[in-house]
Amino acid sequence: MNFSDKAWILLAILCFSSLICSIKAVVSYDHKALIINGQRRILLSGSIHYPRSTPEMWPDLIKKSKDGGLDVIQTYVFWNGHEPSPGKYYFGDRYDLVKFIKLVQKAGLYVSLRIGPYVCAEWNFGGIPVWLKYVPGMVFRTDNEPFKIAMQKFTKKIVDMIKEEKLFETQGGPIILSQIENEYGPMEWEIGSAGKAYTKWTAAMALGLSTGVPWVMCKQDDAPYPIINTCNGFYCEGFKPNSDKQPKMWTENWTGWFTEFGGALPNRPVEDIAFSVARFIQNGGSFMNYYMYHGGTNFDRTAGVFVATSYDYDAPLDEYGLPREPKYSHLKELHKVIKLCEPTLVSVDPTITSLGDKQEAHVFKSKTSCAAFLSNYDPSYAARVMFRGFPYDLPPWSVSILPDCKTEFYNTAKIRAPTILMKMVPTSTRFSWESYNEAVPSSNDAGTFAKDGLLEQISMTRDKTDYFWYLTDITISSNERFLKTGDDPLLTICSAGHALHVFVNGQLAGTSYGGLSSLKLTFSQKIKLHVGVNKLALLSTAVGLPNAGVHYETWNTGVLGPATLNGVNSGTWDMSKWKWSYKIGTKGEAMSLHTMTGSSSVEWIEESFVAKKQPLTWYKSSFDTPVGNEPLALDMNTMGKGHVWVNGHNIGRHWPAYTARGNCGRCNYGGIYNEKKCLSKCGQSSQRLYHVPRSWLKPFGNLLVIFEEWGGDPSGISLVKRTAK
Ligand code: GAL
């Protein structure tokens, strides 16, 4: 008798002594599958990250996931959203984790809870609170006491809360699985023995919390038993867990990819996704999760470094929560046929026979049933194969599924679902803009402080704002030669990231920015200076914080030098040791201009006098909500870079001015999929549409506020709605 049989008998005994047995279940596993209520299961799962949509959207997203044939919803837990300052917890609104889990339960689905608490996820700082970095002696994600203490405290906090709400499956709740850490294997490899010790500690710590359901660690070859090592990737058919007592599980099957500012739009053809799933299942895989099933939006300042505000991910449910067709329906059909096969798949191991050079049959045959998967791995040629005396046509790079070993119910490359193209159509909403220009700060403004040398940005802002000002004076005497020759001096400013606006005597002289592949930037431009004191003001902006990489918490942000002025009489001035004044955040932020009360504290310029193409400009307009229920977005095409708020809610960073670099080749999915090949919209704005959740709107008089740091024309902004073409 294996562990699961024992557990099941124990449950049966408990059932006799209790009336609630029907809703409580034991979750265990064997080499084939997770076992719930004594039954091995093939589980189809999809990621929905609760803070990437609004609570009002959750029921519909969950319903569509269920209709799409999912059994499980997977989410990370977002530590920095839940503990914004040490010991001060927040579980409200988009961070209402318990509410989200209960909604999934109500819909009759299971939950896979990836507690992390490091999550990666293109989420600011990988989900770890920024304040934690400043705890003395702190080193993230290694054998470091301060980190382990904090990680354990938060993990325990979450597990205790879940237990109190009775949300683990063993308590009658929907959670069948938990994850600790995230893809730590590759990190451990780089870090060495301290990494190994941390893995051991992490596993023991998690097991010590006694959740009653299995733990997984993804991409962790040495996950200590009974923790299950799982696979992440575009394909996982060849993956093997590190113990032959454990099932083959796939925690991230990437349905597309995320968009970065400066990047083109990634997409993954559904034929390739379906093929990857079918191959995984035919090779004995029993748990598969789509990352993402609904990607959603990186509202506010939650995006990781250079990650766009949209986290659409080309997922089966688009950013707005609408089915993406034919992706959604083609996968739904796949799920149906897998479910038809489920009893057979879990009861026997497959036998594999060759049907040709690159063709195979995987046959699951029990005493009473038979299911077959016929596959063609050739990326370019269609194959006609003979199976049990009958011919089957297999398109290139495809799997046919025969739930009775005879009838082809489904082929991964034969799409029957119709394509539905969506478009954004203008609404009748018209904005009437007012503007407020904030002045470049000066060193004697309230809140400025002075220091010799250049300061790292995040150590000053603690990431409470994207913005940090560096101010200094450049004094030019009348005998400077360049004044006569007209050969202006060259200002060179090097920054560790991420974007920089350079103001000379109150005027924007230029802007430079990095990108995801290189956060650093250099501003190098000749500037006009006059005799006497010239005011240099550098507005350094952070575009999210890194979320991945070895000790990413040590990466710097802001102007750290070199900073030079070249072409003066003495040759070059090294400004990096000069006295600089600093200011955290913008004036508008300090006055809360994005709120109703805050916005009444300044004089706004109206209608025809509204500023255009000017940096450091705040815009506001009131608008009524268009009738209907189509999702809404702002088309920010004519704007530069900054933030947008609707009724005080930050809908995220806008940066339509950053156009997509890279090559958009033909997306050739036949063969190994590579997200770098399947790109569209090269040369166009990385993101011009910004989701405005309807639940943040009231019927009339909504307040829209924009901070435009660079320069834009608000007259080109429109409110659009998403509808089928
Ligand atoms: C994985 C990671 C996820 C996410 C994904 C890319 O490696 O585990 O959290 O970052 O990459 O979207």
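Start at 1 and go down the list; that is how both ligands and their atoms are numbered.
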Next item on the list: Please write down residue, atom name and distance for the protein heavy atom closest to atom 7 (O) of ligand 1.
Entry: E183 OE1, 2.5 Å
Next item on the list: Would you please say whether a donor-acceptor pair under 3.5 Å links the side chains of R52 and N298?
Entry: yes
Margin query: Whether R141 engages the ring of Y198 as a cation-pi pair (distance to the six-membered ring centre under 6.0 angstrom, angle to the ring normal within 45°) should be assessed.
Written below: no
Next item on the list: Can you figure out which of W254, W123, Y291, Y76 has its heavy atom closest to atom 4 (C) of ligand 1?
Entry: Y291
Item checked: Polar atom proximity, R114 to ligand 1 (N or O, under 3.5 Å) -> no
Next item on the list: Classify the contact between N547 and ligand 1 as side chain, backbone, both or neither, using a heavy-atom distance cut-off of under 4.0 Å.
Entry: neither
Item checked: Atom indices of ligand 1 within 4.0 angstrom of Y313 heavy atoms, with elements -> 6 (C), 12 (O)
Note to self: Give the atom numbers and elements of ligand 1 that come within less than 4.0 Å of a heavy atom of Y311.
What the structure shows: 12 (O)
Next item on the list: Could you list which atoms of ligand 1 come closer than 4.0 Å to a heavy atom of W257?
Entry: 6 (C)
Check: What residue and atom, counting heavy atoms only, is the protein's closest point to atom 10 (O) of ligand 1, and at what distance?
Finding: E122 OE2, 2.6 Å
Notebook entry, point to check: If you measure from the Lys or Arg side-chain nitrogens to the Asp or Glu carboxylate oxygens, is any gap between D314 and K327 under 4.0 Å?
Noted result: yes
Next item on the list: Using only the SG atoms, establish whether C218 and C231 come within less than 2.5 Å of one another.
Entry: no
Check: Honestly, is K219 close enough over Y184, meaning NZ or CZ under 6.0 Å from the six-membered ring centre and within 45° of the axis?
Finding: no
Check: Below 6.0 angstrom between ring centroids: does that apply to H649 and F299?
Finding: no
Notebook entry, point to check: At a 4.0 Å threshold, what atoms of ligand 1 neighbour a non-hydrogen atom of F258?
Noted result: 12 (O)
Item checked: Geometric cation-pi criterion, R279 with W397: 6.0 Å, 45° -> yes
Note to self: So for ligand 1, is V119 a polar contact partner (N or O within less than 3.5 Å, distance only)?
What the structure shows: yes
Checklist line | For ligand 1, the portion of K219 having any non-hydrogen atom under 4.0 Å away | finding: neither
Next item on the list: Measure from NZ or CZ of R268 to the centre of the six-membered ring of Y290 and say whether it is under 6.0 Å with the direction within 45° of the ring axis.
Entry: no
Note to self: Starting from atom 8 (O) of ligand 1, what is the nearest protein heavy atom, named by residue and atom, and what distance separates them?
What the structure shows: E252 OE2, 2.7 Å
